[in-house]
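Treat the numbers as computed from the prediction; the structure is a model and nothing was measured.
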Amino acid sequence: MTQTRYAPDRGLTVRMVVTMFLLGLLYVVFVGILIAVGVQAVVVLVLAGGLLLVQYFFSDKIALFAMHGREVSPQEAPELHGLVDRLSALADSPKPRVAIADSDVPNAFATGRNQKNSVVCVTTGLLRRLDPLELEGVIAHEMSHVAHRDVAVMTIASFLGIVAGLMTRFALYSGLGRDRGNNNGPPIGLIIMLVSIVVYAISFLLTRALSRYRELSADRAGALLTGRPSALASALVKVTGEMSRIPTRDLREAQPFNAFFFAPALSGGRAGASISALFATHPPLERRLEQLNVISAQLGRGA
């Protein structure tokens with residue numbers, strides 16, 4: 001792993017390891033139950049494994065295609081490239097590819113399995129709304145995701161959810177595992193469906209919890225790298241406020257990519273307001289601003 005000047009986050013590392021361990025354990029139990037009830041799950045596992053490999057090795061291209069983003073040259077976007085150049089030099093990290101998505105939704109994302117195969121993409125809506133220091137904070141946040149390798153971990157962590165989701169669909173639509181000659185036997189198809197739903201729910205909650213923490217970690221790393229937590233806080237407030245002015249249809253189109261974004265296109269409400277916080281990809285705005293205020297105070301004291 002390439003060493004950078006992004007602040008290390010032991011909490012993020014521990015959470016990624018624990019999440020991967022728990023998902024791996026859940027995967028072993030899941031496969032064991034499928035075998036116990038007599039299901040030949042090889043096809044599903046091979047299909048899910050193929051999807052994982054495609055997602056892992058081509059996540060940058062898939063994300064850009066889905067978001068209608070395109071890579072831009074230094075001649076096309078000199079100021080944006082200059083900003084990424086400065087941050088890469090400051091972090092002592094390889095420069096990611098730079099892309100712009102033609103969307104009025106003010107947002108940004110980074111993806112790629114490692115620092116040598118990464119891309120940072122910003123929307124035209126973000127470029128129009130943020131000043132240079134705010135934009136610097138957002139891009140530092142996004143580049144820290146790649147430095148921490150949490151993009152790759154989130155891709156791998158999604159594998160079990162893909163398997164469980166496919167198993168549920170197979171059980172629903174093809175009668176997978178149905179007892180073909182004994183009506184008095186156990187409802188194997190129903191068992192498969194219920195187990196798959198439970199496994200999917202657990203893996204979903206684990207990955208969402210990791211997603212929320214990695215956003216706090218990226219806020220912290222980006223703010224410490226630039227030394228301007230107030231600029232990042234200003235960008236958060238501005239982007240979140242501007243979301244309310246975007247047509248709901250555009251926000252709903254962007255919502256499936258919330259886990260990639262700097263700020264969610266549609267959020268579940270205020271902190272602690274409902275159980276929706278468990279399903280959120282990002283922590284509440286109040287929590288993110290609180291952390292940035294603490295970092296600002298620490299930097300002011302020279303801590």
Side-chain angles (χ1 to χ4, degrees), residues 1-9 11-13 60 63 69 72 74 77-101 106-112 114-123 125-127 129-152 154 211-240 259-264 282-283 285 287-300:
M1 178 176 174
T2 305
Q3 295 296 317
T4 71
R5 296 195 182 102
Y6 279 104
D9 192 322
L12 177 62
T13 301
D60 52 342
V72 292
E79 294 182 359
L80 183 58
H81 267 275
L83 194 159
V84 174
D85 283 332
R86 291 194 300 274
L87 287 174
S88 298
L90 189 61
D92 193 23
S93 64
K95 180 185 177 181
R97 305 194 311 278
V98 180
I100 294 177
N107 235 316
F109 67 89
T111 186
N114 55 45
Q115 294 185 66
K116 294 181 180 179
N117 296 277
S118 61
V119 59
V120 173
C121 181
V122 298
T123 65
L126 189 78
L127 292 174
R129 290 173 172 88
L130 299 190
D131 66 36
L133 292 181
E134 292 168 340
L135 184 61
E136 178 188 66
V138 171
I139 294 179
H141 166 106
E142 294 302 330
M143 289 173 61
S144 75
H145 280 310
V146 179
H148 289 158
R149 295 186 67 87
D150 57 51
V151 175
M154 288 294 291
S211 178
R212 290 191 296 274
Y213 186 86
R214 80 186 187 113
E215 292 301 330
L216 289 173
S217 178
D219 283 345
R220 175 177 176 271
L224 290 175
L225 180 72
T226 63
R228 300 185 183 94
S230 60
L232 181 55
S234 176
L236 272 169
V237 172
K238 188 177 291 185
V239 168
T240 303
F260 288 102
F261 284 148
F262 168 67
H282 291 63
L285 175 63
R287 177 69 184 90
R288 299 177 75 175
L289 294 178
E290 178 186 358
Q291 177 182 247
L292 291 172
N293 286 335
V294 171
I295 294 173
S296 183
Q298 291 173 342
L299 292 176

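Note that the CZ atom of Arg129 and the OG1 atom of Thr123 stand 7.5 Å from one another [nearest 0.5 Å]. A distance of 10.0 Å separates OG of Ser211 from CG of Leu216, quoted to the nearest 0.5 Å. A distance of 9.0 Å separates OG of Ser88 from CD of Gln115, quoted to the nearest 0.5 Å. Rounded to the nearest 0.5 Å, atoms CD (Glu134) and OG (Ser230) are 9.5 Å apart. For the atom pair CG (Asp131) and OG (Ser234), the distance works out to 6.5 Å, reported to the nearest 0.5 Å. One finds the CG atom of Leu87 at 6.0 Å from the CG atom of Leu225 (value rounded to the nearest 0.5 Å).
Pairing each heavy atom of Leu232 with each of Leu292, the nearest pair is CD2-CD2, 3.9 Å. The nearest pair of heavy atoms linking Pro132 to Leu83 is O-CD1, 3.9 Å. Considering every non-hydrogen atom in both His282 and Pro264, the closest pair reads CG-CD, 3.7 Å. Contact between His141 and Phe262 at its shortest, heavy atoms only, is CD2-CD1, 3.7 Å. Shortest non-hydrogen contact noted between Ala263 and Asn107 is O-ND2, 2.7 Å. Shown here for Met143 and Pro96, the closest heavy-atom pair between the two residues is CE-CD, 4.0 Å.
Between Val239 and Leu130 there is a side-chain heavy-atom pair separated by less than 4.5 Å. Leu299 places a side-chain heavy atom less than 4.5 Å from the side chain of Pro229. At least one side-chain heavy atom of Leu224 sits under 4.5 Å from a side-chain heavy atom of Arg220. Annotation: side chain of His145 is in contact with side chain of Glu215 (closest heavy-atom distance under 4.5 Å). Side chains of Ile139 and Leu80 form a contact here, defined as non-hydrogen atoms less than 4.5 Å apart. A 4.5 Å side-chain heavy-atom check between Val72 and His81 finds at least one atom pair inside the cut-off. Using a 4.5 Å cut-off on side-chain heavy atoms (C-beta onward), Arg214 and His148 make no contact.
Listed by chain and number, the residues in a side-chain hydrogen bond (donor to acceptor under 3.5 Å, both in side chains) with Arg212 amount to none (sequence neighbours excluded). Asn114 pairs by the side-chain hydrogen bond (donor to acceptor under 3.5 Å, both in side chains) definition with Asn117, not counting sequence neighbours. Judged as a side chain to side chain contact (heavy atoms under 4.5 Å, CB included), and not counting sequence neighbours, the contacts of Arg97 are Asp60, Glu71, Val119.
Using modelled atom types, one side-chain atom of Thr226 and one backbone atom of Gly222 make a donor-acceptor pair closer than 3.5 Å.
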> After noting the C-alpha distance and the side-chain angles of Val122 and Ile100, does the key distance pass the side-chain contact (heavy atoms from CB on, under 4.5 Å) rule?
Replying inline: CA-CA 5 Å; Val122 298; Ile100 294 177; 4.3 Å; yes
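The number of heavy-atom neighbours closer than 6.0 Å to CZ of Phe109, taken from other residues, nucleotides and ligands shown, is above 12.
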